[in-house]
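One structure below.
Letters A, B, ... are given to chains in the order of the sequence lines, protein chains preceding strands, and every chain is numbered from 1. These numbers were taken from a predicted model, which means no experiment stands behind them.
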Amino acid sequence: MSKKIYCRCEDITEEDILKAIDEGFDDIESLKRYSGFSTGPCEGKNCIMHVIRLLSQKKGLKPEDLRLTVLRPPVDPVLIDVLAGEE
Amino acid sequence: MESAIVIGGGITGFSIAYNLAKRGVKTTLLEKKYPSSGSTGRCSGGIRNQWSREHEIKLARESIKVLEKLSAELNFNILFRQGGHIILAEDEKSMNNLVKDTETQRDVNVRTEILNQDQIKRILPFVDITKIVGGTLNRKEGVCHPFSLLYGYQQSFKKLGGKVLKFTKAEKLDIRNSKVEGVKTNKNTFEADFVVVAAGAYSKELLKTIGINIQSKVLKTEILATEPLKFFIKPMVLCKPSMLFFNQTIRGEVIGGASEPSNEGYNLDSSLEFLRTFSKKLRNIAPPLRRVKVLRSWAGLQEFSPDESPIYGKTEIQNLYIACADSGKAFTFAPKIGEYFAELITEGQTSWDMTPFSLKRFEKKINQNH
Ligand SMILES: Cc1cc2nc3c(=O)[nH]c(=O)nc-3n(C[C@H](O)[C@H](O)[C@H](O)COP(=O)(O)OP(=O)(O)OC[C@H]3O[C@@H](n4cnc5c(N)ncnc54)[C@H](O)[C@@H]3O)c2cc1C
């Protein structure tokens with residue numbers, strides 16, 4: 001069977017997401033924590049819209065009825081050295 | 001069949017709910033958001049045995065024993081890795097305190113080793129040893145993945161017939177003649193023989209409405225995760241007195257924080273200030289880690305009781321139990337605490353003395369002051 005990759009950072013497929021929803025992780029924050037999508041280096045920028053589309057379809061809602069997961073700073077990865085500043 | 005309601009879908013609530021269900025109590029767990037949304041899903045998952053007081057050392061020791069068998073019992077991999085915890089002393093005073101603690105630990109059969117600089121260097125080659133006086137290591141300690149532990153309990157709890165109601169907020173406790181009869185939520189009213197309040201730092205809000213005052217401080221604690229790296233840090237590391245801590249997860253991310261005193265309150269905003277202080281402290285102790293990138297940061301609440309131990313046990317209201325004021329340690333204690341609560345609730349007493357954790361311990365102090 002062919003695989004649809006939803007989250008490239010963490011290698012999570014459509015099947016993984018569907019399985020998690022069926023197990024009851026059917027709100028966006030629980031789904032993120034259980035399946036692991038949106039927790040890699042892109043922090044969800046590439047996958048969250050796909051997941052929202054799928055979850056809203058499964059729940060019979062419109063995509064805009066679901067909220068984004070809470071965004072965690074920094075927006076892009078930052079070096080410890082940069083954050084620590086001058087020595 | 002007796003029934004119970006557990007308020008709060010954190011690790012404390014789930015451990016208690018699972019153990020009640022296991023003993024045949026018809027149990028419903030209420031969570032105002034989604035399970036793990038409180039401190040549990042925000043913590044570093046450290047399972048620590050190196051405490052200073054006997055009752056805490058013993059409870060942690062028993063929790064570790066539970067965790068060692070729990071994956072098999074729940075048929076769910078809770079991702080408990082016993083890589084040990086190393087506490088590094090940055091000054092002589094901290095070292096003396098650590099050594100004193102190892103003696104108290106030895107008295108209750110918890111073996112913690114005292115390490116010199118060379119031994120530390122061998123375990124943590126990236127540490128700038130000139131900044132460290134010495135340290136201690138307990139090899140039974142480790143890290144348990146908070147979500148896996150919680151989901152493991154949740155799955156078994158449901159299989160035993162337990163109900164989890166998410167987005168259901170307990171708003172009022174129904175008390176009649178000094179006895180709890182049920183809970184009113186934003187959706188329904190539930191009756192139950194027993195009610196356990198395990199709502200983390202929000203417990204005291206709910207308890208206040210029935211005249212139970214918890215003297216505690218709620219503080220924000222920030223934490224961050226780096227990009228995943230090849231495995232290179234075996235133990236969880238804590239530095240004293242700077243309170244810098246970090247460990248590497250099975251996924252390779254370094255998770256760390258530097259508990260700085262922050263303002264009292266329920267604010268959960270991440271701050272640049274935290275990223276800066278953490279990075280400075282980390283670069284100081286572990287210079288090679290300067291080349292690592294921070295991926296994300298978040299915050300959680302810690303609720304400290306006056307003696308910085310959690311509050312576990314009965315209340316003056318019949319059949320109403322509380323587990324709150326986590327004091328930054330309740331993730332470690334939860335696996336055993338669930339068993340004790342189930343024993344207390346179904347048998348009226350426990351085989352183990354819970355008085356050092358009782359709410360009563362603070363009442364006595366107030367009376368003595370009069
Ligand atoms: C950054 C950080 C790092 C930490 N590191 C460690 C560590 O390494 N080791 C350790 O042992 N501990 C650690 N802790 C502490 C640990 O996270 C907590 O002690 C533990 O998770 C508390 O679990 P709990 O179930 O009691 O509370 P919580 O996990 O907060 O759960 C309470 C739940 O109750 C829900 N709730 C609240 N009010 C209501 C209501 N009215 N009705 C229904 N539900 C409600 C909340 O939404 C929440 O989900 C850390 C904490 C933080 C913040």
Self-check item: Heavy-atom pair count under 4.5 Å with chain B, highest-scoring of A/Leu83, A/Ile80, A/Asp27
Solution: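 Between A/Leu83, A/Ile80, A/Asp27, the count favours A/Ile80.
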
Quiz item: Among A/Leu79, A/Asp76, A/Asp81, which has the most heavy-atom pairs under 4.5 Å with chain B?
Solution: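 So the answer, after comparing A/Leu79, A/Asp76, A/Asp81, is A/Asp81.
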
Contact origin within [X] toward chain A - heavy atom pairs under 4.5 Å:
X: B/Ser297; result: both
X: B/Lys158; result: side chain
X: B/Leu289; result: backbone
X: B/Lys166; result: side chain

Quiz item: Taking B/Arg276, B/Lys293, B/Arg283 one by one, which has the highest count of heavy-atom pairs under 4.5 Å against chain A?
Solution: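 Answer, by heavy-atom pair count under 4.5 Å with chain A: B/Arg283.
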
Quiz prompt | Which of B/Val164, B/Val292, B/Leu275, B/Leu282 touches chain A most, by non-hydrogen pairs under 4.5 Å | solution =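 Top count of heavy-atom pairs under 4.5 Å with chain A: B/Val292.
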
Quiz prompt | B/Phe167 six-ring face occupied by B/Lys33 cation (under 6.0 Å, within 45°) | solution =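 Relative to the ring axis of B/Phe167, which defines the angle, B/Lys33 lies outside at least one limit.
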
For the ring pair [X] and [Y], is the centre-to-centre distance below 6.0 Å?
X: B/Tyr34; Y: A/Phe25; value: no
X: B/Phe76; Y: B/Tyr151; value: no
X: B/Phe147; Y: A/Tyr34; value: no

Exercise. Could you go through the side-chain hydrogen bond (donor to acceptor under 3.5 Å, both in side chains) check for B/Thr226 and B/Glu253 one step at a time?
Key: CA-CA 5 Å; B/Thr226 71; B/Glu253 301 169 325; over 6 Å; no

Practice problem: Indicate yes or no for a side-chain donor-acceptor contact from B/Ser270 to the backbone of A/Pro73 under 3.5 Å, with no hydrogens or angles considered. | Solution: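 Here the side-chain-to-backbone pair does not exist.
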
Quiz item: Between A/Glu43 and B/Leu295, does a side-chain contact (heavy atoms from CB on, under 4.5 Å) hold up when you go through it step by step?
Solution: CA-CA 8 Å; A/Glu43 289 284 307; B/Leu295 273 195; 4.2 Å; yes

Quiz item: Relative to chain B, which segment of A/Glu10 carries a heavy atom at a distance below 4.5 Å: side chain, backbone, both, or neither?
Solution: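 A/Glu10 touches chain B through side-chain heavy atoms alone.
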
